[in-house]
Amino acid sequence: MSFAKSALALSLAACLLASQAMAHSMNEEIDHLLGFIAGSPCAFFRNDVAYGGKEAVAHIKDKYQYYRNDIHSAEDFIALAASKSMITGKPYLVECDARTVTASDWLAKELAAFRQQP
């Protein structure tokens, strides 16, 4: 019986290590999100002013550098650098195909999709 338990434990450990090896690192996730924004044809609204993807990324990268020590996950990155104005508190918005959503929701959806990729 203890052999079976040991084999099961080793099997579970191997599965856990395999799934961790397939997971993306925080930096990979953030780099993906930055590339996603930069390559998007959507309009990004910050304090009611529209920007293109490349302009939005430039601003978000600046905020990322500012909050770098407080960012420990892609979710932190979204919350601190890519979701709202820290001065006015207004959420960033993304307009695509005549539909407007918050940048935080838009990026969270893309992050979830990216995490499903091997």
Side-chain angles (χ1 to χ4, degrees):
M1 194 68 147
S2 72
F3 176 77
K5 287 182 183 178
S6 296
L8 179 60
L10 284 173
S11 178
L12 290 173
C15 287
L16 179 62
L17 288 174
S19 68
Q20 288 175 343
M22 290 177 62
H24 301 286
S25 73
M26 178 188 77
N27 289 334
E28 289 172 325
E29 291 177 343
I30 292 171
D31 287 344
H32 172 77
L33 292 175
L34 289 168
F36 179 71
I37 296 165
S40 174
C42 301
F44 298 85
F45 289 85
R46 180 169 44 96
N47 295 321
D48 301 321
V49 177
Y51 298 91
K54 290 180 183 175
E55 295 166 310
V57 162
H59 176 73
I60 290 168
K61 281 183 176 181
D62 287 344
K63 285 182 69 179
Y64 180 36
Q65 289 305 315
Y66 182 81
Y67 289 106
R68 195 167 196 86
N69 293 333
D70 299 318
I71 294 174
H72 306 290
S73 67
E75 288 82 2
D76 289 345
F77 166 78
I78 292 170
L80 293 172
S83 66
K84 69 180 180 179
S85 169
M86 294 305 174
I87 295 171
T88 65
K90 291 180 93 169
Y92 296 161
L93 301 174
V94 178
E95 185 179 287
C96 286
D97 303 321
R99 184 170 173 243
T100 303
V101 296
T102 63
S104 60
D105 288 346
W106 187 71
L107 291 171
K109 182 177 177 181
E110 178 58 25
L111 178 60
F114 181 67
R115 286 178 172 166
Q116 295 300 314
Q117 299 175 4

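Note that the coordinates shown come from a computational prediction; the quantities given were computed from them, not determined experimentally.
Other residues, nucleotides and ligands contribute more than 12 heavy atoms inside 6.0 Å of the NZ atom of K63. Counting non-hydrogen atoms of other residues, nucleotides and ligands closer than 6.0 Å to CG of N47 gives a total above 12.
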- Report the C-alpha distance between R115 and E75 in whole Å, list the side-chain angles of each, state the deciding distance to 0.1 Å, and finish with yes or no for salt bridge (Lys or Arg N to Asp or Glu O under 4.0 Å). CA-CA 12 Å; R115 286 178 172 166; E75 288 82 2; 2.6 Å; yes
- Task: Tell me, with the steps shown, if F77 and L33 meet side chain to side chain contact (heavy atoms under 4.5 Å, CB included).
- Result: CA-CA 10 Å; F77 166 78; L33 292 175; 4.1 Å; yes
- Message: Go through it in stages, so that I can follow the logic: the residues are H32 and E110, the test is side chain to side chain donor-acceptor pair (under 3.5 Å), and I'd like the CA-CA distance, side-chain angles, deciding distance and then a yes or no.
- Response: CA-CA 9 Å; H32 172 77; E110 178 58 25; 2.6 Å; yes
- Task: Please step through side chain to side chain contact (heavy atoms under 4.5 Å, CB included) for the pair L34 and F36, ending with a clear verdict.
- Result: CA-CA 5 Å; L34 289 168; F36 179 71; over 6 Å; no
- Just do the ring-ring contact (aromatic ring centres under 6.0 Å, His included) check on Y92 and W106 with the steps written out, would you? CA-CA 10 Å; Y92 296 161; W106 187 71; over 10 Å; no
- Verify side chain to side chain contact (heavy atoms under 4.5 Å, CB included) between D70 and D76, making sure each step is shown before the conclusion. CA-CA 8 Å; D70 299 318; D76 289 345; over 6 Å; no
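Side-chain N/O atoms of H59 and Y64 include no donor and acceptor closer than 3.5 Å.
For the atom pair I60 CD1 and L107 CG, the distance stands at 6.5 Å (nearest 0.5 Å). To the nearest 0.5 Å, atom CG of residue L80 and atom OG of residue S73 are 9.0 Å apart. Of the inter-residue distances, the one linking F114 atom CZ with I30 atom CD1 reads 11.0 Å to the nearest 0.5 angstrom. To the nearest 0.5 angstrom, E29 atom CD is 9.0 Å from I78 atom CD1. Distance check, rounded to the nearest 0.5 Å: CZ of R99 to CG of D97 gives 9.5 Å.
Checked by atom type and distance alone, the side chain of Q116 never pairs as donor or acceptor with a backbone atom of A113 at under 3.5 Å. Of the possible donor and acceptor atoms, none in the side chain of Q65 sits under 3.5 Å from a partner among the backbone N and O of D62.
Here the closest non-hydrogen pair linking A103 and A82 is CB-O, 3.5 Å.
Tracing side-chain contacts under 4.5 Å through hydrophobic residues (I, L, V, M, F, W, Y), one reaches I37 starting from I71; they form part of the same cluster. L93 and F44 fall into different hydrophobic clusters, where Ile, Leu, Val, Met, Phe, Trp and Tyr side chains are chained together by heavy-atom contacts under 4.5 Å.
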